[in-house]
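For this chain, numbers begin at 1 and follow the sequence in order.
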Amino acid sequence: MMSRVFAAEGSVYSQLLPAMEEIAGMRAPLPWPRSVVTGPPPHCLVLRDLRPDGFAMVDRKKPLDLQHCRLMLRAIARFHGAGMALQHLRPDAFRAMRDALGADLAAMKETLKNFKHFLAPGQAAPDLVRDRFGEEVYAKLKELFANIPDKYLDFVLPDPEGGNTIVHSDFHLNNILYQYDKDTGAVQDCALIDFQMARYGCPASDLMPMLMAFTDKALRDEHWQGLLRGYHDELQATLRAAGCEDPDAIYSWQRLTAQIRRHWRQGLSRAPLFVHVMTGGDEEMKAVQKMVAHLLNKDAVGDAPTVNLKKLPAVAQRFGDLVQDVIDWGWL
């Protein structure tokens, strides 16, 4: 697994991102750091340090505000859109880059064997909101979370109806850097990092876990549709910049909304652990780090350490609010 993901990131920086920048006419500031040195396989990556330009990680304990969301969605839309442009305008070159990522069906099944450890803590999530919603909703949530591990492959496979591209596939707050004004502290830009899990798939598989886990109900209530429209507009603008004359034929608003309806369960299933880790203390973060270290160690013996989902007030509140939203949206 590890040899594949490191090779994938080398391919992203040495081939894919430069091709995306070229076909879409992207100029600095780019939505990702430039690789200063990218050796031939096995790749050696040296990335430009963004800290002198004011880039830093966001405060993970707080939900993203509107401007952070807009910048994040603009960056991922340009990534998705440039990938679609490559696929549409240079299909042979795109296929070679896609295949170089090594994320074929067999590789994804192997990766999911380990990924199920990240889904396991979610089995306790319905208990966090049982008192808030009652037995009918609780039973629906129990069934949904019980089925997620066996059905998760459906979320990582490309959309059979089309509208696929290269996706980040590990899109969360730890893999984003924000640029802040040195004088005012205002957020100005966003850069994507850590492309080890990049693969060919459905854009909504990036969007839904991020938007559902790292926003709060007040923002979703007021801006959900506007944020998705902004993402779609930026993706289509990227397609036009690349010379695609009919962006709707490549990725329409209807295709995006259909993918969102397909992937909301993925977002809901990942939200409890994301919020648990991001809002918890050192103990919660170290528990996940131990589990990851065990899974990545090919010489490790025994079962990986487990992560127990605690009924932390922030987790129960934010997950409960998310459940309320999927009820209000007619999804649950």
If you define the side chain from C-beta out and look only at heavy atoms, does anything of [X] sit under 4.5 Å from [Y]?
| X | Y | answer |
| --- | --- | --- |
| Met278 | Leu273 | no |
| Asn174 | Asp194 | no |
| His168 | Met197 | no |
| Cys69 | Phe214 | no |
| Leu45 | Ser35 | yes |
| His276 | Phe319 | no |
| Ile176 | Cys190 | yes |

Atom [atom1] of [X] and atom [atom2] of [Y]: how far apart are they, to the nearest 0.5 Å?
| X | Y | atom1 | atom2 | result |
| --- | --- | --- | --- | --- |
| Met97 | Leu101 | CE | CG | 10.0 Å |
| Leu256 | Gln236 | CG | CD | 10.0 Å |
| Leu173 | Leu177 | CG | CG | 11.0 Å |
| Thr215 | Leu227 | OG1 | CG | 8.0 Å |
| Leu322 | Leu211 | CG | CG | 10.5 Å |
| Glu135 | Lys142 | CD | NZ | 11.0 Å |

Backbone N/O of [Y] and side chain of [X]: donor-acceptor pair under 3.5 Å:
| X | Y | value |
| --- | --- | --- |
| Asp49 | Arg51 | yes |
| His80 | Asp206 | no |
| Asn175 | Phe171 | no |
| Thr165 | Met84 | yes |
| Arg199 | Leu157 | no |
| Ser169 | Ala198 | no |
| Thr257 | Gln254 | yes |

Ring centres under 6.0 angstrom apart (Phe79, Phe195) =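 Ring centres of Phe195 and Phe79 closer than 6.0 Å.
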
Centroid-centroid under 6.0 Å between Tyr180 and His68 rings |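 Yes, ring centres under 6.0 Å apart.
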
Minimum-distance pair of heavy atoms, taken over all atoms of [X] and [Y]:
| X | Y | answer |
| --- | --- | --- |
| Leu66 | Leu219 | N-CD1, 3.4 Å |
| Ser269 | Leu119 | OG-CD2, 4.4 Å |
| Trp264 | Leu144 | CH2-CD1, 3.6 Å |
| Asp53 | Lys182 | C-CE, 4.3 Å |
| Ile260 | Ala204 | N-CB, 4.1 Å |
| Lys61 | Thr279 | NZ-O, 3.4 Å |

Below 4.0 angstrom, N of the basic side chain to O of the carboxylate: do [X] and [Y] qualify?
| X | Y | result |
| --- | --- | --- |
| Arg220 | Asp328 | no |
| Arg70 | Asp65 | no |
| Asp216 | Arg318 | no |

Distance only, no hydrogens: is a donor on one side chain within 3.5 Å (strictly under) of an acceptor on the other, for [X] and [Y]?
| X | Y | value |
| --- | --- | --- |
| Gln259 | Tyr251 | yes |
| Asp99 | Tyr200 | no |
| Gln188 | Tyr178 | no |

Any chance you could lay out the side chain to side chain contact (heavy atoms under 4.5 Å, CB included) test for Phe94 and Ile166, step after step, and finish with the verdict?
-> CA-CA 10 Å; Phe94 177 84; Ile166 303 299; 3.8 Å; yes

Which residue pairs pass the salt bridge (Lys or Arg N to Asp or Glu O under 4.0 Å) test when at least one of the two sits in residues 240-257, sequence neighbours left out?
->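 Listed once each, the pairs are Asp159-Arg255.
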
If you look only at pairs with a residue in residues 76-91, which of them pass as a salt bridge (Lys or Arg N to Asp or Glu O under 4.0 Å), with sequence neighbours excluded?
->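 Residue pairs with at least one partner in residues 76-91: Glu22-Arg90.
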
Apply the test side chain to side chain contact (heavy atoms under 4.5 Å, CB included) to residues Leu141 and Glu143: give CA-CA distance (whole Å), side-chain angles for both, the deciding distance (0.1 Å), then the verdict.
-> CA-CA 5 Å; Leu141 290 172; Glu143 181 180 9; over 6 Å; no

Below 3.5 Å, can you tabulate the donor-acceptor pairs from side chains in residues 23-33 to any protein atom, sequence neighbours excluded?
{"from": "Trp32", "atom 1": "NE1", "to": "Glu21", "atom 2": "OE2", "distance (Å)": "2.7"}

Please indicate whether Gln67 has more than 12 foreign heavy atoms, meaning atoms of other residues, nucleotides or ligands, lying under 6.0 Å from its CD.
->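 Enclosed: over 12 neighbouring heavy atoms sit under 6.0 Å from CD of Gln67.
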
Is the number of heavy atoms from other residues, nucleotides or ligands within 6.0 Å of CZ (Arg132) greater than 12?
->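 Yes, the 6.0 Å shell around CZ holds more than 12 heavy atoms from other groups.
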
In this structure, would [X] and [Y] fall into the same cluster of hydrophobic residues linked by side-chain contacts under 4.5 Å?
| X | Y | answer |
| --- | --- | --- |
| Leu128 | Tyr138 | no |
| Val129 | Leu309 | yes |
| Leu268 | Leu312 | yes |
| Leu239 | Val167 | no |
| Leu71 | Met57 | no |

Can you sort out the partners of His172 under ring-ring contact (aromatic ring centres under 6.0 Å, His included), two or more places apart, ordered by chain and number?
->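 In terms of ring-ring contact (aromatic ring centres under 6.0 Å, His included), with neighbours along the sequence ignored, His172 is linked to Phe274.
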
List in chain and number order the residues that pass ring-ring contact (aromatic ring centres under 6.0 Å, His included) with Trp224, two or more places apart in sequence or in another chain; answer none if no residue qualifies.
->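 Listed in chain order: Trp329.
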
Take Val58 and Val187 through the side chain to side chain contact (heavy atoms under 4.5 Å, CB included) test and state the conclusion after the steps.
-> CA-CA 10 Å; Val58 71; Val187 63; over 6 Å; no

Could you go through the side chain to side chain contact (heavy atoms under 4.5 Å, CB included) check for Val326 and Met212 one step at a time?
-> CA-CA 10 Å; Val326 299; Met212 295 181 77; 3.8 Å; yes

Pairing residues for Gln266 by the side chain to side chain contact (heavy atoms under 4.5 Å, CB included) criterion, not counting sequence neighbours =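 Checked Gln266 against side chain to side chain contact (heavy atoms under 4.5 Å, CB included); matches are Tyr152, Phe155, Ser205, Pro209, His263, Arg270.
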
